[in-house]
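Numbering starts at 1 and runs along the sequence shown. The basis for the numbers below is simple: all heavy atoms, side chains too, and nothing from hydrogens, waters or symmetry mates.
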Amino acid sequence: MELVIAVLLIAMALIGVVALAKAVRIVPQQRQDVVERFGRYRRTLNPGLNLLVPFVDAVRTKVDLREQVVSFPPQPVITSDNLVVSIDTVLYFKVVDSVRATYEISNFLQAIEQLTVTTLRNVIGSLDLERALTSREEINRHLSGVLDETTGRWGIKVTRVEIKAIEPPPSIRDSMEKQMRAERDRRAAILNAEGHKQSQILTAEGEKQAAVLRADGDRQARILQAEGQAKAIRTVFDAIHQANPSQKVLAYQYLQALPQIANGTANKVWIVPAELTKALEGMGGALGGLSQMVGDAPTPQASSGASDVEREAAEAAQAAAAAAQQIHDEVRVAEAQATGGNGPQGLPAPEPVSPQSLLQDPADQRERG
């Protein structure tokens with residue numbers, strides 16, 4: 001008997017523990033429990049400590065009130081230009097009414113997925129591929145509006161819908177890449193052409209300015225050179241006019257120029273005319289007559305150095321006569337080599353030119369003549 005009583009006491013203790021466990025319900029934060037009594041909705045347990053009637057009340061569902069994120073698998077969608085694209089969507093939602101989310105629809109997550117797919121097909125079907133790729137914000141707003149309106153009676157609040165990716169067919173991707181590559185090449189070619197154009201324009205402007213400045217510099221240089229030559233000629237002329245040179249000095253200057261003419265590298269043959277003396281006499285006479293016409297007579301300062309000039313003129317005349325005789329001999333030798341001794345003879349040998357005849361006054365020669 002005592003054993004039976006002990007067993008009953010243990011059973012009653014176990015029943016009490018089980019009943020207490022079923023009567024006390026602790027609900028965590030951001031969660032609600034829907035309680036039913038004999039199959040009918042009784043109440044909703046809020047976060048914290050709650051008491052139930054054991055073996056009478058039962059928890060139907062535990063609803064999470066936090067915002068949830070669901071990523072739907074890619075869905076094939078046909079655009080208005082008959083292209084099949086694959087679209088991935090991401091849905092953000094939360095339960096605002098646990099009772100309606102429990103009793104209004106059996107599986108609200110599956111219902112949201114199907115509603116998103118159908119709405120997305122309707123929206124994308126009215127757009128072409130280019131607009132579908134560039135109108136994501138518009139598509140997101142349209143999906144959010146339709147889903148929020150439909151899921152509101154289920155106790156669901158759709159907070160955000162995002163299109164994660166829009167994948168066109170591989171052939172379309174290749175065509176788009178080629179098109180973009182061609183567009184980039186076109187822009188690059190345009191930029192290169194514009195750069196080349198600007199470079200040519202700047203180069204032409206620089207060359208123009210350089211040519212203008214160079215021409216201006218040449219003009220200034222020629223002007224300055226002409227002015228310098230004019231001043232030099234004027235200075236020489238004034239010096240000659242003030243010195244009032246005689247005929248002997250002019251003949252002396254001519255004799256000084258003869259060796260320079262003979263020493264030229266381009267002078268292969270230099271013919272000394274026989275009338276050299278007469279030419280010098282004529283030049284001296286002409287210059288002498290010119291001096292008489294203009295009234296240029298040797299000044300006393302110029303006459304004081306006449307003896308020195310005559311001496312130097314005599315020495316220069318001797319050197320010029322020797323150079324003329326040497327050149328004449330070389331010409332004769334060259335003619336003999338060219339004709340081989342059998343050709344026509346050259347010009348007759350000129351009379352020897354003496355320094356005294358070169359320096360002699362043409363007026364005295366005319367008197368003797």
Q: Using the side-chain contact (heavy atoms from CB on, under 4.5 Å) rule, take V56 and F38 through it: C-alpha gap first, then chi angles, then the decisive distance, then the call.
A: CA-CA 7 Å; V56 176; F38 300 115; 3.5 Å; yes
Atom [atom1] of [X] with >12 non-hydrogen neighbours under 6.0 angstrom:
| X | atom1 | value |
| --- | --- | --- |
| Q110 | CD | no |
| L109 | CG | yes |
| E149 | CD | no |
| R222 | CZ | no |

Of all the heavy-atom pairs spanning [X] and [Y], show the shortest one and how long it is.
| X | Y | answer |
| --- | --- | --- |
| A132 | I139 | O-CD1, 4.1 Å |
| K94 | L65 | CB-O, 4.1 Å |
| I166 | L133 | CG2-CD2, 3.7 Å |
| K157 | V96 | CB-CG1, 3.8 Å |
| L147 | I112 | CD2-O, 4.4 Å |
| P54 | L52 | CD-O, 3.3 Å |

Kindly indicate whether the side chain of [X], heavy atoms from C-beta on, has any atom under 4.5 Å from the side chain of [Y].
| X | Y | result |
| --- | --- | --- |
| Y41 | R60 | no |
| R25 | D33 | yes |
| T44 | V99 | yes |
| S126 | N122 | no |
| Q68 | Y92 | no |
| V90 | V70 | no |
| F108 | V95 | yes |
| N50 | V27 | yes |

Checking [X] side chain against [Y] main chain: does a donor-acceptor pair fall under 3.5 Å?
| X | Y | result |
| --- | --- | --- |
| D148 | S144 | no |
| S135 | R131 | yes |
| S80 | D128 | yes |

Salt-bridge criterion met for [X] and [Y] (N-O under 4.0 Å):
| X | Y | result |
| --- | --- | --- |
| E36 | R42 | no |
| R160 | E162 | yes |
| E183 | R187 | yes |
| R37 | D57 | yes |

Q: Identify which one of V123, V77, V117 satisfies the side-chain contact (heavy atoms from CB on, under 4.5 Å) criterion when paired with I87.
A: V77
If you measure only the distance, is there a donor-acceptor pair under 3.5 Å linking the side chains of [X] and [Y]?
| X | Y | value |
| --- | --- | --- |
| T89 | T116 | no |
| T159 | E67 | yes |
| S98 | Q32 | yes |

Q. Is there a chain of hydrophobic side chains (I, L, V, M, F, W, Y, each step under 4.5 Å between heavy atoms) that links V146 to V158?
A. no
Q: Determine whether L45 and V34 fall in the same hydrophobic cluster, where Ile, Leu, Val, Met, Phe, Trp and Tyr are linked whenever their side-chain heavy atoms lie under 4.5 Å apart.
A: no
About how many Å separate [atom2] of [Y] and [atom1] of [X], when rounded to the nearest 0.5 Å?
| X | Y | atom1 | atom2 | result |
| --- | --- | --- | --- | --- |
| I105 | T151 | CD1 | OG1 | 9.5 Å |
| E113 | L115 | CD | CG | 11.0 Å |
| W154 | N107 | CH2 | CG | 10.0 Å |
| Q75 | T118 | CD | OG1 | 10.0 Å |
| H142 | T119 | NE2 | OG1 | 7.0 Å |
| D97 | R153 | CG | CZ | 14.0 Å |

Q | From CA spacing to verdict: side-chain contact (heavy atoms from CB on, under 4.5 Å), N192, H196 | A | CA-CA 6 Å; N192 289 332; H196 184 69; over 6 Å; no
**Q.** Evaluation steps, side-chain contact (heavy atoms from CB on, under 4.5 Å), between D88 and F72
**A.** CA-CA 6 Å; D88 296 347; F72 299 135; over 6 Å; no
Q: Decide side-chain contact (heavy atoms from CB on, under 4.5 Å) for M12 and I15; before the verdict, give the C-alpha distance in whole Å, the side-chain angles of both, and the deciding distance to 0.1 Å.
A: CA-CA 5 Å; M12 291 176 64; I15 292 172; 5.5 Å; no
